[in-house]
Amino acid sequence: MADDAAEDPPQAKTPIAISSSQILRVVTANPRDAGSSVPLSEALKHPGWTEAVASSPLRDHFLTAITYDELVSIERARVLSYRADNIVTVDCDANDPAGEMEHVSGAAPFSVLNTPSEGWSHLWIDALDGLFDESHKPRTLAITPYLLLHVTVLPQYWLNGDFAAASQALSRAWIHQELAYGRLDHGALQKLFQICLAKHKEQTGGKTWKGTRAELEGPRLLARVVGKRCRAALSEHEDMVESSWSAIEWFARSNKAGDDIAVEVTADETDDECAMLLSDYVKALGARQLSDTVERNVAALLEQNPALAFSVVKSYANTRMFDTSEMYVASLGVVAAACGLAPIADPLGEYRESFRRKGSKPPRNPDGSLRYTVDDVDVDVLNANHAVLRLCWKNLLTRSDAFDAIPPAIVGVGPTDRAKLDWTRCPPGVATLGLGPVPSDAVDASGVCRLGEHGLGFDMSTEGPKPADGYWHQGELRGVADNQAQAAGEDEAAKGEDFSGRVVVVAGEHTRESLGGAQYVGFHPQCRWNVSLADVEAEEKESAEFERTLRNLWHAWLAEYDADGSGTISLEELKAFASLPECPSGDGYMQSLYEWAAGNLESGDLEAAFNEVDADGSGEMEYEEFRLMLSA
């Protein structure tokens, strides 16, 4: 395994550090000087916050103002990695220990309070650092990568013994920053092993396992964590994914819990050997995963470590989030900082700020996500963010052995861990994962977009046949050499055609045109940001009018045929409507409804058709079922 303390050449000594007197707000067990600490429960003048703190493990803690330089020097300081649940909108006065903020407004994840207080003295929580205020996010975004590199990370989702929570957390987009590169809290790692061991006991019943290794959920969770930690996955002393089952047995035997499980893969090892192997495993898994100097990290991304390069590119592919505009900033900050590049910034930051300056808030889609269009994206900021990804792509596209050098753990243990993306959800400029503009005709008829001469590309063929509208949208970054030859067919292969030069794409910067142009890979007409705001509003207006029409039709139908006044339509009431000699209305939707009902009545299929529409099996047709039927 690579040594963090390895010597750099004399010219390669640029440290990954900033010296900053910036004031941070940190949760502490004890107060500091007068005026620099306030009780945590009093930080927000919001009754919900006060009650939430009072019922949490942090009820006796304080919010303390402290400089960045001081925080990173404290051995028991921690940075919290958490799932943002129990989100409450706050718009209230604040009691700021830093004396900077009097009123705050934003989304507050109260779930941060559910953090056990053992094992740390100072806890930095990104959202709480800005007292949940929306305007503070750019500052937090800039400082977070350095804290994640220099302060030990405390994964909250491992501390409460919940296997489902620990598993679900690994699918978060922000996990690639928070969990991938920094040091991990040793106590939290112990909790992770306990979770995996408990699941292993539950699944095997303490008996010899008869299924496959891949079906074992405890080892699988541990392997997924390894897959997020590049240096651990590349560890020379052991293939850590293959040894995840062994590691759980090492942990059980080292903690005198070996009698509760069937010892299968470590039977030839002594208890002392198990303890030693476990110690090495935990050390490799918990250590910082990047080097100490800018030069070594740039060299790793550019040429030495295709596994790290792929891991960084893959981290950008996560569209499984509530608001996909966060893809721009969720995963790249730590690596950019480690390579001495410009801090990651939000390409939609100025767009958001323009509303704040006017005293308003940015528009939201019906689901609550940010509404914006291609024209709102700052191309210069986007290209600056992608500088770290272009380093990775130069490595991946020029090394002939690049994909072969990537361990399976980093490619992805399970489907949600792989470099899969959905082009209907990717924000402008993200679909090619920082590679830059790729012409749409680079995707062949089978759905494969080969990106270089050595077998790496976007494979959309896993989606099935090409969609009728002509737009692929779901695929995976993977090795595609075999797919390319297969797609060409045996006849072309027999002619000795050289597929290696069919499509060669060079990493480059986006232009305004390439962000949303249909002639570039990643465009999909379902993306709201690929059309003008006027078009979006026109579509929503049309949808609203359709909704009003259906509701009016529903109420008119009920007025005539809802004999029992239930506000729904029963099978008998539908039969009465279908038995009419002709449709009583000239409305097109009503006519369609009558033809459907009368036709099924005549064929004897009305009851079966009604049951199919009655999705909840209530025996009554409600409005939503009526709406779905007419919308189909």
Side-chain angles (χ1 to χ4, degrees), residues 16-28 36-38 40 43-44 63-72 77-82 84 87 89-109 112 122-151 153 173-174 177-178 182 323 325-338 340-359 361-362 370 378 380-382 384-385 388:
I16 309 165
I18 58 171
S19 178
S20 175
S21 58
Q22 177 175 324
I23 297 296
L24 305 176
R25 298 166 186 84
V26 180
V27 178
T28 58
S36 63
S37 291
V38 300
L40 184 60
L44 297 182
L63 192 63
T64 297
I66 185 174
T67 67
Y68 169 89
D69 289 339
E70 185 176 358
L71 180 65
V72 299
R78 297 291 183 266
V79 171
L80 189 68
S81 174
Y82 62 94
I87 297 174
T89 299
V90 297
D91 189 353
C92 63
D93 290 341
N95 185 13
D96 181 8
E100 297 175 352
M101 307 173 74
E102 295 181 355
H103 190 90
V104 294
S105 177
V112 300
H122 296 68
L123 185 65
W124 186 82
I125 305 171
D126 56 2
L128 189 53
D129 179 47
L131 292 172
F132 309 116
D133 191 72
E134 189 74 23
S135 66
H136 197 275
K137 285 186 175 180
R139 194 170 82 165
T140 300
L141 182 66
I143 202 74
T144 298
Y146 296 96
L147 288 168
L148 290 170
L149 282 168
H150 295 295
V151 179
V153 177
W174 291 92
Q177 261 209 143
E178 298 167 359
D323 191 337
S325 66
E326 292 190 357
M327 285 181 72
Y328 285 132
V329 297
S331 62
L332 302 177
V334 172
V335 180
L341 300 172
I344 297 299
D346 184 1
L348 291 166
E350 176 55 31
Y351 171 68
R352 298 177 200 263
E353 181 64 16
S354 67
F355 290 93
R356 194 184 72 83
R357 286 196 295 265
K358 294 182 291 187
K361 296 182 179 180
L370 181 71
D378 189 322
D380 293 334
V381 172
L382 179 70
N385 286 354
V388 65

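With contacts defined as side-chain heavy-atom distances shorter than 4.5 Å, the pair Trp124/Thr144 qualifies. A 4.5 Å side-chain heavy-atom check between His136 and Val104 finds every atom pair outside the cut-off. Two residues are said to be in side-chain contact when any heavy atoms from C-beta on lie closer than 4.5 Å; Glu134 and Ser105 fail this criterion. Residues Leu131 and Leu63 have side chains in contact (heavy-atom distance under 4.5 Å, counting atoms from C-beta outward). A 4.5 Å side-chain heavy-atom check between Ile23 and Thr67 finds at least one atom pair inside the cut-off. Residues Leu370 and Tyr351 have side chains in contact (heavy-atom distance under 4.5 Å, counting atoms from C-beta outward). Side-chain contact check for Asn385 versus Pro347: some heavy-atom pair is nearer than 4.5 Å. Considering only heavy atoms from C-beta on, Trp174 stays 4.5 Å or farther from Asp126 through its side chain.
No donor-acceptor pair closer than 3.5 Å links the side chain of Asn95 to the backbone N or O of Leu44. Of the possible polar contacts, none joining the Glu178 side chain to the Val153 backbone as a donor-acceptor pair under 3.5 Å is found.
Salt bridge status for Arg139 with Asp129: absent, with no side-chain N to carboxylate O gap under 4.0 Å. Using a 4.0 Å cut-off between charged side-chain N and carboxylate O, Glu350 and Arg357 make a salt bridge.
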Item to complete: Under the side chain to side chain contact (heavy atoms under 4.5 Å, CB included) rule, what do Thr64 and His122 come out as? Steps first, then yes or no, please.
Response: CA-CA 9 Å; Thr64 297; His122 296 68; 6.0 Å; no
Worksheet item: Should Val27 and Val112 be marked as a side chain to side chain contact (heavy atoms under 4.5 Å, CB included) after you check the CA-CA gap, both sets of side-chain angles, and the distance that decides it?
Response: CA-CA 11 Å; Val27 178; Val112 300; over 6 Å; no
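For the residue pair Ala336 and Ala342, the shortest heavy atom distance occurs at CB-O, 4.1 Å. Considering all non-hydrogen atoms of both residues, Pro145 and Gly333 come closest at CB-O, 3.4 Å. The two atoms that bring Val90 and Ala108 nearest to each other are CG1-CB, 4.0 Å, heavy atoms only. Across every non-hydrogen atom of Tyr82 and Ala127, the tightest pair is OH-CB, 3.5 Å. Leu348 and Ser325 make their closest contact through CD1-CB, 3.8 Å (heavy atoms, listed as atom of the first residue, atom of the second, distance). Minimum interatomic distance between Tyr68 and Leu147 (heavy atoms only, all atoms of both residues): CE1-CD2, 3.5 Å.
A distance of 10.5 Å separates CD1 in Ile87 from CZ in Phe132, rounded to the nearest 0.5 Å. The line from NE2 of His150 to CG of Leu71 is 11.5 Å long, rounded to the nearest 0.5 Å. Atom CG of residue Asp69 and atom CG of residue Leu24 lie 9.5 Å apart, to the nearest 0.5 angstrom. Rounding to the nearest 0.5 Å places OG1 of Thr28 at 8.5 Å from CD1 of Ile66.
With sequence neighbours excluded, the residues satisfying salt bridge (Lys or Arg N to Asp or Glu O under 4.0 Å) with Asp346 are Arg352.
Judged purely by distance below 3.5 Å, without hydrogens or angles, the side chains of Ser135 and Asp133 pair a donor atom with an acceptor atom.
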